[in-house]
Structures are given as structure tokens and as C-alpha cells.
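The structure appears right after this line, and notes come after that.
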Amino acid sequence: MRNYLVLFVIFVISLISSVSSASQWTFIGADDKGNNWAVDKSSIVSVGRTLRAWKRIDFKERQPYPPNGELIQHVYFLDVVNCTNHQVGVKASRLMRIDGSVIATHEDKDESIQWQTVAPDTVVEKTMMYVCSNAPKAAK
């Protein structure tokens, strides 16, 4: 009986620790193709004068990965956001299959990030505004 109690306590502790570090995905909106966009609120961090956060796009219809045609169900981006200049760039990306396994990954050095000015009234702008409004207190 004592062994079961010990196993139960270990199980409960593992659940608590996994929940405390869990992602906090927040649905932002859908783009004009019906793809759903979300931001992991728990990933928002300040780095210098920018913010970084993981963004996820769940495709309404799986998209083929050009080099080999494998179907992408969702993609994760590590976005870099400059709230003052209204710009975003992608630091890293992960293309995922429907089973959650990785098709491909990519990461750029900070100096190689390609900045883009965000167009108004788009899901990209909504995503940027969410990240900016949920920045850590010291970064605002």
C-alpha cells in the first residue's frame, strides 16, 4: 500500500510541475484563408528593445512543404517584435506534421532577422498588438 502512495505522490508532483511550465496559447484570430493564429503568452520575453514570443499557425488545410511535399499541419514561429517601430521578424520556425513530429526547423542569427512593417487590420497586427500589450512589465 505504501508503494502505491509513493507512486501517487510522484504522479501528482509531476503533474503540478508540468502544469506550471505549460504553454499558454491564446487564440488571436483567423487569417483570410481560415488558418488559426495563436500566441504562447508564457513565452513573451524582453530582449533589448524587442520582444520575443512563440506564435502558432494551425492550417485549415494542410500545406505541402516544397522540398518534399510532406503535409504541414501547423507551424511555430519565434517572432521578434519591435512595438515602437511596428515591425516583426522571424527568429526561428518549426514545421510540424499532423502527429506533432517535426518536418523542418530553421533559425537565424539576430543580425540576419528580416524585419517587416506590419500592415494594419491584419491578423499579423493583432498578433503583434497582443505581444506588445502582454510584455513583461520592465519592457513596456
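R94 and T105 get closest at one heavy-atom pair: CG-CG2, 3.7 Å. Closest heavy-atom contact between P136 and S46: CG-N, 4.1 Å. In terms of heavy-atom proximity, V81 sits nearest to V88 at CG2-CG1, 4.1 Å. The two residues S23 and S42 make their nearest non-hydrogen contact at CA-OG, 3.7 Å. I103 and R97 make their closest contact through CG1-CG, 3.3 Å (heavy atoms, listed as atom of the first residue, atom of the second, distance). V90 approaches D108 most closely through the heavy-atom pair O-OD2, 4.0 Å.
In this structure, N68 CG and L71 CG are separated by 9.5 Å, a value rounded to the nearest 0.5 Å. Note that the OG1 atom of T117 and the CE atom of M128 stand 10.0 Å from one another [nearest 0.5 Å]. The CD atom of Q63 sits 7.5 Å away from atom CD1 of I72, with the distance rounded to the nearest 0.5 Å. With rounding to the nearest 0.5 angstrom, the OG atom of S43 is 9.5 Å from the CD atom of Q24. The line from CG of L51 to SG of C132 is 5.5 Å long, rounded to the nearest 0.5 Å. Between the CD atom in Q73 and the CD1 atom in I98 there is a gap of 4.5 Å [rounded to 0.5 Å].
Following chains of ILVMFWY side-chain contacts shorter than 4.5 Å, one cannot reach L78 starting from V131, and the two form parts of different hydrophobic clusters. With hydrophobic clusters built from ILVMFWY side chains whose heavy atoms lie under 4.5 angstrom apart, I44 shares a cluster with V118.
Results of the side-chain contact (heavy atoms from CB on, under 4.5 Å) test with F27 over V39, N36, D58 single out N36 as the only residue that passes.
Counting non-hydrogen atoms of neighbouring residues, nucleotides and ligands closer than 6.0 angstrom, the CD atom of E70 exceeds 12 such neighbours.
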message: Test side-chain hydrogen bond (donor to acceptor under 3.5 Å, both in side chains) on Y130 and T26; report intermediate values, then the result.
response: CA-CA 9 Å; Y130 179 83; T26 302; 3.0 Å; yes

- request: For side chain to side chain contact (heavy atoms under 4.5 Å, CB included), just list the numbers for F77 and I57, CA-CA rounded to whole Å, side-chain angles, deciding distance to a tenth of an Å, and then say yes or no.
  value: CA-CA 8 Å; F77 294 105; I57 301 173; 3.6 Å; yes

query: Where do Y76 and K55 land on the side chain to side chain contact (heavy atoms under 4.5 Å, CB included) test, with the steps shown first?
result: CA-CA 6 Å; Y76 294 96; K55 172 179 69 180; over 6 Å; no

- request: Carefully, step by step, assess E61 and K33 under the rule side chain to side chain contact (heavy atoms under 4.5 Å, CB included).
  value: CA-CA 9 Å; E61 295 180 19; K33 295 178 182 172; over 6 Å; no

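Judged by distance alone, the side chain of T127 and the main-chain N or O of V123 form a donor-acceptor pair under 3.5 Å. A donor-acceptor pair under 3.5 Å is absent between the side-chain atoms of D40 and the main chain of W54, judged by distance alone. Between the N82 side chain and the H86 main chain, no donor and acceptor come within less than 3.5 Å of each other. Between the side chain of S133 and the backbone N or O of M129 there is at least one donor-acceptor pair closer than 3.5 Å. A donor-acceptor contact shorter than 3.5 Å is absent between the side chain of N85 and the backbone of Q87.
Under the 6.0 Å distance and 45° angle rule, R56 does not count as a cation-pi partner of W37.
Using a 4.0 Å cut-off between charged side-chain N and carboxylate O, R52 and D110 make a salt bridge.
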